[in-house]
Undergrad: 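Dumping the structure here so I can ask a few things about it.
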Amino acid sequence: MPGYRTHLGGGLVLGGAALAGLAAADLYRTDLQTGAVLMLATVLGALFPDTDTDSKGQNLFYAALAVLDLALIIQRSYQWAAFLGFCALLPAVGRHRGWTHTWWAMVIVPSPIILLPALFINAPVQPLLPFYAAATLGYFSHLLLDRRFR
């Protein structure tokens, strides 16, 4: 099975290609900062399925979440930080290559990106869709590289 470097690269390539393709087709354009956050969401999605085991990918995933969570706390975005913290707990529920390596998890796991803000702070769904799509695309890249579609 591919290691964390392959999954990182797969997420970056697929995420970058998606952003470039959408911009070239004039379907979606964004500023540099949002583009960077979208790429981060793609990379985190690509690493997520292996966070259920002690690995370099798990370490990178949680290091990135810790930095992002700290940034949210510094900005006093406590609700967003709480949402992120909740989502970070999810991989602990299950065994390695269990539910985290399924197509349905690819669709469901990133859904808190949309659902939690919409339900708890009445955030509009539309601006959150690109972040959900980025995380799902990263997740897809992981399953594709692992050739695991159950």
Side-chain angles (χ1 to χ4, degrees), residues 1-52 55-88 90-91 99-150:
M1 291 292 149
Y4 77 95
R5 286 186 180 121
T6 303
H7 289 304
L8 269 174
L12 286 170
V13 166
L14 203 54
L19 277 176
L22 289 168
D26 209 20
L27 295 172
Y28 182 78
R29 292 188 188 274
T30 188
D31 59 82
L32 190 58
Q33 182 179 357
T34 303
V37 174
L38 288 168
M39 289 302 296
L40 178 62
T42 305
V43 167
L44 290 175
L47 292 175
F48 181 87
D50 286 344
T51 57
D52 59 356
S55 65
K56 188 76 163 180
Q58 181 191 58
N59 295 342
L60 287 171
F61 180 86
Y62 284 112
L65 285 187
V67 169
L68 185 55
D69 211 33
L70 180 61
L72 290 169
I73 291 168
I74 289 170
Q75 292 178 342
R76 297 178 185 221
S77 298
Y78 302 120
Q79 289 176 315
W80 292 100
F83 295 150
L84 183 63
F86 172 78
C87 295
L90 294 176
W99 68 269
T100 63
H101 281 76
T102 61
W103 68 266
W104 56 264
M106 175 185 72
V107 174
I108 294 172
V109 167
S111 67
I113 292 170
I114 296 172
L115 296 177
L116 294 178
L119 291 172
F120 292 105
I121 59 174
N122 295 323
V125 170
Q126 181 112 5
L128 301 171
L129 287 174
F131 301 96
Y132 170 80
T136 303
L137 186 64
Y139 210 120
F140 172 78
S141 75
H142 185 105
L143 297 181
L144 182 67
L145 290 167
D146 275 2
R147 294 179 178 88
R148 299 282 296 220
F149 286 96
R150 291 190 265 153

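All residue numbers in this chain count up from 1 along the given sequence.
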Undergrad: Around R29, counting heavy atoms of other residues, nucleotides and ligands shown, do more than 12 lie under 6.0 Å from its CZ?
TA: yes
Undergrad: Which pair of heavy atoms, one from L128 and one from P117, lies closest together, and at what distance?
TA: CD1-CB, 3.8 Å
Undergrad: Should the pair F61 and F48 be assigned to parallel (<30°), tilted (30 to 60°) or perpendicular (>60°) ring geometry?
TA: perpendicular
Undergrad: Show the nearest heavy-atom pair for residues T42 and G11, with the distance to one decimal.
TA: CG2-O, 3.2 Å
Undergrad: Between W80 and I121, is a side chain to side chain contact (heavy atoms under 4.5 Å, CB included) present by the stated rule, with each step listed?
TA: CA-CA 10 Å; W80 292 100; I121 59 174; 3.7 Å; yes
Undergrad: Step through the shown structure and confirm whether more than 12 heavy atoms of other residues, nucleotides or ligands are within 6.0 Å of CG on L27.
TA: yes
Undergrad: Please verify the inter-ring angle class for H142 with H101; under 30° counts as parallel, over 60° as perpendicular, anything in between as tilted.
TA: perpendicular
Undergrad: Provide the closest heavy-atom pair for G85 versus D69 in the form atom of the first, atom of the second, distance.
TA: N-OD1, 4.4 Å
Undergrad: With rounding to the nearest 0.5 angstrom, report the CG to CE distance, L44 to M39.
TA: 11.0 Å
Undergrad: Please find the pair of heavy atoms, one from Y139 and one from A105, that lie closest to each other, and give the distance.
TA: OH-CB, 3.4 Å
Undergrad: What's the separation between atom CG in L70 and atom CD1 in I74, rounded to the nearest 0.5 Å?
TA: 4.0 Å
Undergrad: Please lay out, stage by stage, how Y132 and L115 fare under the test side chain to side chain contact (heavy atoms under 4.5 Å, CB included).
TA: CA-CA 10 Å; Y132 170 80; L115 296 177; over 6 Å; no
Undergrad: Between atom CG of L119 and atom CD1 of I114, what is the distance when rounded to the nearest 0.5 Å?
TA: 11.0 Å
Undergrad: So, for L137 and A18, which heavy atoms are closest and what is the spacing to 0.1 Å?
TA: CD2-CB, 3.5 Å
Undergrad: Atom NE2 of H7 and atom CG of L144: how far apart are they, to the nearest 0.5 Å?
TA: 10.0 Å
Undergrad: How many angstroms lie between OH in Y78 and CD1 in I73, if you round to the nearest 0.5 Å?
TA: 7.5 Å
Undergrad: Can you check side chain to side chain contact (heavy atoms under 4.5 Å, CB included) on M106 and T136, steps first, answer last?
TA: CA-CA 6 Å; M106 175 185 72; T136 303; 3.9 Å; yes
Undergrad: Under a 4.5 Å cut-off applied to non-hydrogen side-chain atoms, are L47 and Y62 in contact?
TA: no
Undergrad: List the steps, then state whether side chain to side chain contact (heavy atoms under 4.5 Å, CB included) holds for L19 with Y28.
TA: CA-CA 8 Å; L19 277 176; Y28 182 78; 4.3 Å; yes
Undergrad: Can you name the nearest heavy-atom pair linking L143 to T102, along with the distance?
TA: CD1-O, 3.6 Å
